[in-house]
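I have placed the structure first, in the form of structure tokens, so that the comments after it can refer back to it.
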Protein chains: 2
Amino acid sequence: MATSRVRLSDVAKAAGVSPTTASFVLNDRCESIPAETQQRVLDAARRLHYRPHIAARALATGRTRRIGIVLNQPESFSTNDTYFAEILAGIIRRATEHDRNVLLLSAHYTTWRSLFADITGGAVDGVLQISRFVSDELTPALIEAEFPLVCVSFRTDDERCLSVDCDNESGGYLAARHLVELGHTRIAVLYPGDVLSWGRERLAGIRRAVVEAGLSPDGLQVRAWDEKRLPEPTWVRDAVEWFRTLDPRPTAVICCDEIRARMVAEMLPVAGLSVPEDVSVVSFNSTEISDRCIPPLTSVRQPLPEIGRAAVDVLLERIRGGTFDASVVQFPMSLDIRQSTRRPRCAASTGASLIKATGKTRMRSREASGIRSRTRARKDQEHGE
Amino acid sequence: MATSRVRLSDVAKAAGVSPTTASFVLNDRCESIPAETQQRVLDAARRLHYRPHIAARALATGRTRRIGIVLNQPESFSTNDTYFAEILAGIIRRATEHDRNVLLLSAHYTTWRSLFADITGGAVDGVLQISRFVSDELTPALIEAEFPLVCVSFRTDDERCLSVDCDNESGGYLAARHLVELGHTRIAVLYPGDVLSWGRERLAGIRRAVVEAGLSPDGLQVRAWDEKRLPEPTWVRDAVEWFRTLDPRPTAVICCDEIRARMVAEMLPVAGLSVPEDVSVVSFNSTEISDRCIPPLTSVRQPLPEIGRAAVDVLLERIRGGTFDASVVQFPMSLDIRQSTRRPRCAASTGASLIKATGKTRMRSREASGIRSRTRARKDQEHGE
DNA sequence: CTGTTAGCGCCTTCAC
DNA sequence: GTGAAGGCGCTAACAG
């Protein structure tokens with residue numbers, strides 16, 4: 001930056017052609033330009049270390065070759081949020097493949113309007129929003145402005161709103177049906193409330209499975225957390241206490257967030273309820289967080305990197321001006337059964353008959369001793385400190 | 001974007017002033033402009049929903065208010081790399097505080113030259129590079145071009161190169177001294193080789209501690225991994241096998257990478273060596289990864305979010321044209337002692353005398369049974385599958 | 001105090 | 001096939 005910038009016109013001059021010609025060559029629009037001329041331009045560019053000025057190009061073309069991602073909070077990156085990290089990895093990889101860069105836009109702007117201004121001010125060609133609140137004002141504003149936007153892991157009712165999401169209703173259904181099949185009849189649900197579309201949807205799916213099994217949906221015990229706060233031990237403690245004192249106490253918990261699910265699974269034994277002996281626990285996302293929990297958590301999986309990749313594809317198509325048959329790309333969810341779920345102590349034989357994986361059951365019991373010991377060790381540790 | 005853009009001149013016209021005046025007002029350069037005029041401009045801007053065009057401004061000012069981050073790989077985000085995520089969280093938060101956006105530049109460009117072109121092509125005002133190879137060609141090229149750059153978690157020999165890093169030599173020293181004090185005399189070291197500056201430095205610190213204790217540095221068994229690949233089970237398996245068959249076999253391992261340390265700690269019992277009974281393990285970074293390992297790993301901590309924040313501060317100062325006393329900001333490292341280290345089975349009494357925390361020792365043995373059980377459970381699981 | 005003017009560096013529609 | 005000219009939207013000297 002010390003030496004003044006080499007411009008396209010400098011290259012053109014050096015190659016003995018006009019800026020127009022140089023521009024054509026350098027942008028692969030070299031229809032009917034003699035190979036010899038092309039070479040001259042290319043050589044000159046290399047010799048002078050020519051690098052196009054991105055802002056100038058953006059100004060002239062109206063395209064930045066950049067896509068934005070709105071972060072709910074900077075902490076979206078920190079340890080916990082494997083969910084976010086996995087999606088982001090998919091987004092970045094795909095964006096790079098398409099020769100696009102990714103601009104991180106933290107939602108920590110003082111007002112959503114200033115964020116809106118930046119986004120629509122030509123910083124990016126389009127934007128991805130991830131798991132935002134249904135009450136979010138930025139999303140409808142962008143839609144209204146017809147700015148290219150793809151919502152990831154949430155949707156709005158607006159039909160113009162493109163989104164890439166999972167079939168959360170089915171995800172909830174899978175979780176609950178698994179428990180019902182194991183013989184559970186009283187289930188507690190922890191979820192973010194209706195402020196997130198997937199919260200509402202997963203709960204609906206859970207309800208469906210329960211009703212389908214001939215149980216009353218009123219038997220579901222539902223508790224919401226405040227999604228505006230990061231997962232807090234305080235909340236977990238309260239939730240566990242709430243669970244423990246329910247009467248009759250449920251024999252299973254479905255927690256719609258993976259981090260909180262892990263925290264709950266770790267807190268339950270402290271409150272005297274072991275997992276899965278006393279309580280079965282089902283989490284969502286099924287990343288390493290569920291897998292490394294003690295015991296490993298049965299979890300509803302969504303294909304996170306694929307979601308990220310699909311989001312980029314849809315967004316680029318939208319930027320290109322393409323049209324879409326449907327406004328939402330939906331991925332299926334599946335259930336990864338691990339060691340945190342089993343038949344309740346006094347299982348109704350109806351459900352128990354549906355269990356298939358005998359091999360798994362054996363394995364589970366063989367491990368049980370180790371898991372119990374470990375659980376006790378944890379507790380000692382807690383009290384000892 | 002459907003309706004054509006509102007320009008500054010439109011606002012000026014609506015307010016009955018010239019573009020210059022409008023520009024002044026909108027950019028808070030309103031020295032000596034009547035409050036009444038200012039209000040007219042502000043009103044007009046709001047009424048017309050004026051949003052400045054970022055690329056145009058960047059072209060005119062030569063400033064983008066954007067900083068770039070070069071990612072080694074898109075996977076930098078995925079679960080594993082807590083190290084990276086923590087630093088990034090610090091970077092984003094600080095950048096947002098300074099009203100800057102962050103552009104992600106994946107190093108997966110086909111050539112470093114094209115990355116170089118993008119960076120210096122006016123996409124960003126400055127760039128942060130994180131933990132890159134000493135052989136990286138991009139870094140010296142940026143320095144040579146005098147482009148604002150701050151290296152995070154690595155450094156080059158070039159004095160013009162600004163960097164924010166930890167005192168890795170002391171970190172290595174702390175790790176090794178801890179082991180020596182516990183009575184270990186034979187130590188194995190796993191590190192990335194000299195391709196990363198911190199690899200070289202940590203090893204040097206380890207050597208210093210060993211020599212200081214009157215031991216021969218030749219007793220250190222050192223093995224490198226290929227940093228160009230993500231942590232692989234294959235490598236871990238080989239490393240553990242290498243360790244197991246060393247003669248005489250070391251009683252401790254220092255692994256300079258947290259993920260690999262965890263993998264090693266998990267693989268050792270599979271090979272018949274329990275942690276910490278047979279082998280003590282020390283890792284680096286001390287994030288949740290070490291903390292949640294079984295047993296929790298003693299680990300050398302670095303203040304990751306602070307590093308990210310400092311990197312942004314330094315970069316912005318550099319962009320502003322500031323000068324610096326020193327070219328490197330260095331944070332201290334500290335040791336978090338957890339359950340993966342203890343006296344070797346036949347500890348030399350020399351070292352043992354240095355142990356202080358009697359309380360801890362007691363606690364550790366109280367937990368030992370639980371940990372051992374858990375270790376066995378893991379092994380069963382491995383064989384069972 | 002405010003308006004006029006001239007770029008910033010590139011692309012692109014036109015003539016030649 | 002190539003060149004000339006205008007404009008993208010904003011800022012910043014320089015007049016007035």
Side-chain angles (χ1 to χ4, degrees), chain A residues 1 3-42 44-45 48-66 117-118 120-125, chain B residues 1 3-42 44-45 48-66 117-118 120-125:
Chain A
M1 297 305 271
T3 70
S4 81
R5 174 169 281 288
V6 176
R7 285 156 308 180
L8 180 60
S9 61
D10 297 326
V11 175
K13 205 171 298 173
V17 299
S18 79
T20 313
T21 307
S23 173
F24 272 133
V25 174
L26 261 19
N27 291 311
D28 276 342
R29 302 244 167 302
C30 23
E31 328 138 356
S32 62
I33 289 184
E36 194 269 338
T37 308
Q38 288 187 37
Q39 202 52 52
R40 270 214 320 280
V41 174
L42 259 20
L48 300 177
H49 299 300
Y50 170 70
R51 303 184 301 271
H53 188 108
I54 292 186
R57 174 179 290 175
L59 181 57
T61 60
R63 281 282 131 83
T64 62
R65 301 188 72 77
R66 229 177 282 141
D118 260 19
T120 59
V124 293
D125 296 336
Chain B
M1 300 302 269
T3 69
S4 81
R5 173 169 282 286
V6 178
R7 285 155 309 179
L8 179 61
S9 61
D10 297 325
V11 175
K13 206 170 297 172
V17 298
S18 78
T20 313
T21 308
S23 174
F24 272 134
V25 173
L26 262 18
N27 290 312
D28 276 342
R29 303 245 167 300
C30 21
E31 330 136 355
S32 63
I33 289 184
E36 194 270 339
T37 309
Q38 287 188 36
Q39 203 51 54
R40 271 214 321 276
V41 174
L42 259 21
L48 299 178
H49 299 300
Y50 170 70
R51 301 183 303 270
H53 189 108
I54 292 185
R57 174 179 290 173
L59 181 57
T61 60
R63 280 285 130 83
T64 61
R65 300 189 71 78
R66 229 177 281 143
D118 261 18
T120 58
V124 292
D125 296 335

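Chain A is the first sequence line, chain B the second, and so forth, proteins listed ahead of strands; every chain is numbered from 1.
Atom NE2 of B:His53 and atom P of D:dG7 are 17 Å apart (whole Å). Remark: C1' of D:dC8 and CZ of A:Arg63 are 14 Å apart, rounded to the nearest angstrom. Taking atom NZ on A:Lys13 and atom P on C:dC10, their separation rounds to 13 Å, with Å as the unit. When rounded to the nearest whole Å, the span between CG of B:Leu8 and P of D:dT11 equals 6 Å. Rounded to an integer number of Å, the gap from CZ of B:Arg57 to C1' of D:dC8 is 16 Å. Straight-line distance from the CZ atom of B:Phe24 to the C1' atom of C:dG3: 11 Å, rounded to whole Å. In this structure, the CD atom of A:Gln38 is 11 Å from the C1' atom of D:dG1, given to the nearest Å. Distance B:Arg7 CZ to D:dC10 C1': 11 Å, rounded to the nearest Å.
When heavy atoms are screened at a 4.0 angstrom cut-off, A:Ser23 is found touching base atoms of the nucleic acid. Nucleic acid contact for A:Pro19: none, since no nucleic acid atom lies under 4.0 Å from a heavy atom of the residue. Nucleic acid contact class of A:Ile33 (heavy atoms, under 4.0 Å, all strands): sugar-phosphate only. Residue-level contact check: A:Leu59 touches the bases, meaning some heavy atom is under 4.0 Å from a base atom. Within 4.0 Å of B:Thr20, counting heavy atoms only, lies at least one base atom of the nucleic acid.
The shortest side-chain heavy-atom distance between A:Val41 and A:Leu26 falls under the 4.5 Å cut-off.
Contact between the side-chain N/O atoms of B:Ser18 and the OP1/OP2 oxygens of C:dG3 is found at a separation under 4.0 Å. Contact between the side-chain N/O atoms of B:Ser9 and the OP1/OP2 oxygens of D:dC10 is not found at any separation under 4.0 Å. Put simply, A:Thr21 has a side-chain N or O that comes within less than 4.0 Å of OP1 or OP2 on D:dG3.
Of the candidates D:dT11, C:dC11, D:dG3, C:dC11 carries the atom nearest the A:Ala60 side chain, counting heavy atoms from C-beta on. When each of D:dT11, D:dC8, C:dG3 is scored by its nearest atom to the side-chain atoms of B:Asn27, the top-ranked nucleotide is D:dT11. Nearest to the side chain of A:Pro52, among C:dC1, D:dG9, C:dC10, sits C:dC10. If you check C:dT2, C:dC11, D:dC10 against the side chain of B:Pro34, the one that comes closest is C:dT2.
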query = Should A:Arg57 and A:Asn27 be marked as a side-chain contact (heavy atoms from CB on, under 4.5 Å) after you check the CA-CA gap, both sets of side-chain angles, and the distance that decides it?
reply = CA-CA 11 Å; A:Arg57 174 179 290 175; A:Asn27 291 311; 3.5 Å; yes
request  = Apply side-chain contact (heavy atoms from CB on, under 4.5 Å) to the pair A:Leu59 and B:His53, showing each step before the final yes or no.
outcome  = CA-CA 9 Å; A:Leu59 181 57; B:His53 189 108; 4.3 Å; yes
request  = Output, in order, the C-alpha distance, side-chain angles, deciding distance and verdict of side-chain contact (heavy atoms from CB on, under 4.5 Å) for A:Ile33 and A:Thr21.
outcome  = CA-CA 8 Å; A:Ile33 289 184; A:Thr21 307; 4.1 Å; yes
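Taking for each of B:Thr61 and A:Thr61 the nucleotide of DNA chain C with the nearest heavy atom, the 5'-most of the two is the partner of B:Thr61.
For the atom pair B:Asp125 CG and B:Arg66 CZ, the distance stands at 8.0 Å (nearest 0.5 Å). Remark: B:Leu8 CG to B:Thr20 OG1 distance equals 8.5 Å, nearest 0.5 Å.
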